[in-house]
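Contents: one structure, followed by commentary.
Protein chains get the first letters and strands the later ones, always in sequence-line order, with residue 1 at the start of each. Computed from a predicted model, the values in this text were never measured in an experiment.
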There are 2 protein chains.
Amino acid sequence: MPPRPGLSKGELEIARVVWELKQATVRAVYNALADVRDIDFTTVQTYLRRLEEKGYLNVRMEGRVRSYSPKVRPRTVIRETVSDLVDRLFAGDSMPLVRHLVEDSRFTEGEIEQLRQLIDRLEGDSDE
Amino acid sequence: MPPRPGLSKGELEIARVVWELKQATVRAVYNALADVRDIDFTTVQTYLRRLEEKGYLNVRMEGRVRSYSPKVRPRTVIRETVSDLVDRLFAGDSMPLVRHLVEDSRFTEGEIEQLRQLIDRLEGDSDE
DNA sequence: GAATCATAAGTACATCTGTACTTGAGTCAA
DNA sequence: TTGACTCAAGTACAGATGTACTTATGATTC
């Protein structure tokens, strides 16, 4: 269904950083990531190039530096990715995943309250 | 942290079928899958072999047929897989994933009720 | 303006993935 | 006992992935 090739785990990680920064040069993504894990500047370059080739990012030259920005909305990528995972890991039923997350995540009081509200809002929407 | 190599998307799918069947020959997994998607018997064989090599499945000869069963508990694989996804897609925060799932999944009344109970149970456990 | 630095762009490459073909040995049915 | 069938086991192979080196070029600093 998605007219784009899917993203690998590593590519997803890089895409997320671009989403967070809204707009980012290779250097910016590299800096954001290098904090967290050991990776080479040119590896980031390669990932960004591939993300653009696959149609997930736009590029624009800023002077002689390339600046990347989202082309496909994060929501869309997230939906596709999660849906694929649910298919493979739970035969398409997302309930077990929610259950797993809720049971395993050690949410704070505040987060639990958020969840409760989220669910309350659901009921209003659906049939009613 | 996991002392095993991670699983690819395709491998996960095959692993899930084995979990569901608890114990399964190549033929059994093949049958379960062939219903759903077009795949060759020997492709299933290859996946199962790799899953065993990676330490996720046990094999046992039943006569001259191999029978596979889980070696790592599904819960564990699910935890590792989901945790990896959350890291890459949401920088480690699982709340957005729960939100996404709840908002996107079109749960039934019954499921929503289940969710509510799940959350109620949480509060009891956590601090208190 | 020569040396240094930053970046782009191309190339490299081992491993992993998805998918399957081939070969050979055991099993069954006629 | 020969063909049809099943399965294990080995091999194949293109494409994806993770990671980085190299080369060239524009920019910056003495």
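- Exactly one of A/Asp87, A/Thr81, A/Leu85, A/Val86 qualifies for a side-chain contact (heavy atoms from CB on, under 4.5 Å) with A/Ser83. That residue is A/Asp87.
- One finds no salt bridge joining B/Lys9 and B/Glu13 here, because no Lys/Arg side-chain nitrogen approaches an Asp/Glu carboxylate oxygen to under 4.0 Å.
- Rounded to an integer number of Å, the gap from CD of B/Glu62 to P of D/dC7 is 12 Å.
- Atom CD of A/Glu53 and atom C1' of D/dG18 are 15 Å apart (whole Å).
- Among the protein residues, A/Thr46 comes within range of the nucleic acid bases, having at least one heavy atom under 4.0 Å from a base atom.
- Environment of CZ in A/Arg79: crowded, with over 12 heavy atoms of neighbouring residues, nucleotides or ligands closer than 6.0 Å.
- Across the protein-nucleic acid pair, B/Arg64 atom CZ and D/dC7 atom P stand 8 Å apart, rounded to whole Å.
- The distance from atom CZ of A/Arg37 to atom C1' of D/dT19 is 10 Å, rounded to the nearest whole Å.
- Spacing between atom CZ of A/Arg66 and atom P of D/dT25 amounts to 16 Å, rounded to whole angstrom units.
- Map A/Arg27 and A/Arg49 each onto its nearest nucleotide of DNA chain C; the residue landing nearer the 5' end is A/Arg27.
- Environment of CG in A/Asp35: crowded, with over 12 heavy atoms of neighbouring residues, nucleotides or ligands closer than 6.0 Å.
- For the pair B/Lys54 and B/Gln45, both in contact range of DNA chain C, the more 5′-proximal nearest nucleotide belongs to B/Lys54.
- Contact footprint of chain A on DNA chain C: nucleotides with an atom under 4.0 Å from a non-hydrogen protein atom, first to last in 5' to 3' order, C/dA6 to C/dT11.
- Rounded to a whole Å, the CG atom of B/Asp40 is 15 Å from the C1' atom of D/dA9.
- A/Glu11 places its CD atom 8 Å from the C1' atom of D/dA16, with the value rounded to the nearest Å.
- By the 6.0 Å contact criterion, CZ on B/Arg73 is open, its count of non-hydrogen atoms from other residues, nucleotides or ligands being 12 or less.
- Of the options B/Asn58, B/Val29, B/Val26, a side-chain contact (heavy atoms from CB on, under 4.5 Å) to B/Tyr68 is made by B/Val26 and by none of the others.
- Between the side chain of A/Arg50 and the base of D/dT19, at least one donor-acceptor pair of N or O atoms lies under 3.5 Å.
- With the nearest nucleotide of DNA chain D identified for both A/Ile39 and A/Gly6, A/Gly6 has the one nearer the 5' end.
- Phosphate contact (OP1/OP2 of D/dG18, side-chain N/O of A/Ser8, threshold under 4.0 Å): present.
- Using a 4.0 Å cut-off between charged side-chain N and carboxylate O, B/Glu113 and B/Arg116 make a salt bridge.
- Atom CZ of B/Phe41 and atom P of D/dA9 are 12 Å apart (whole Å).
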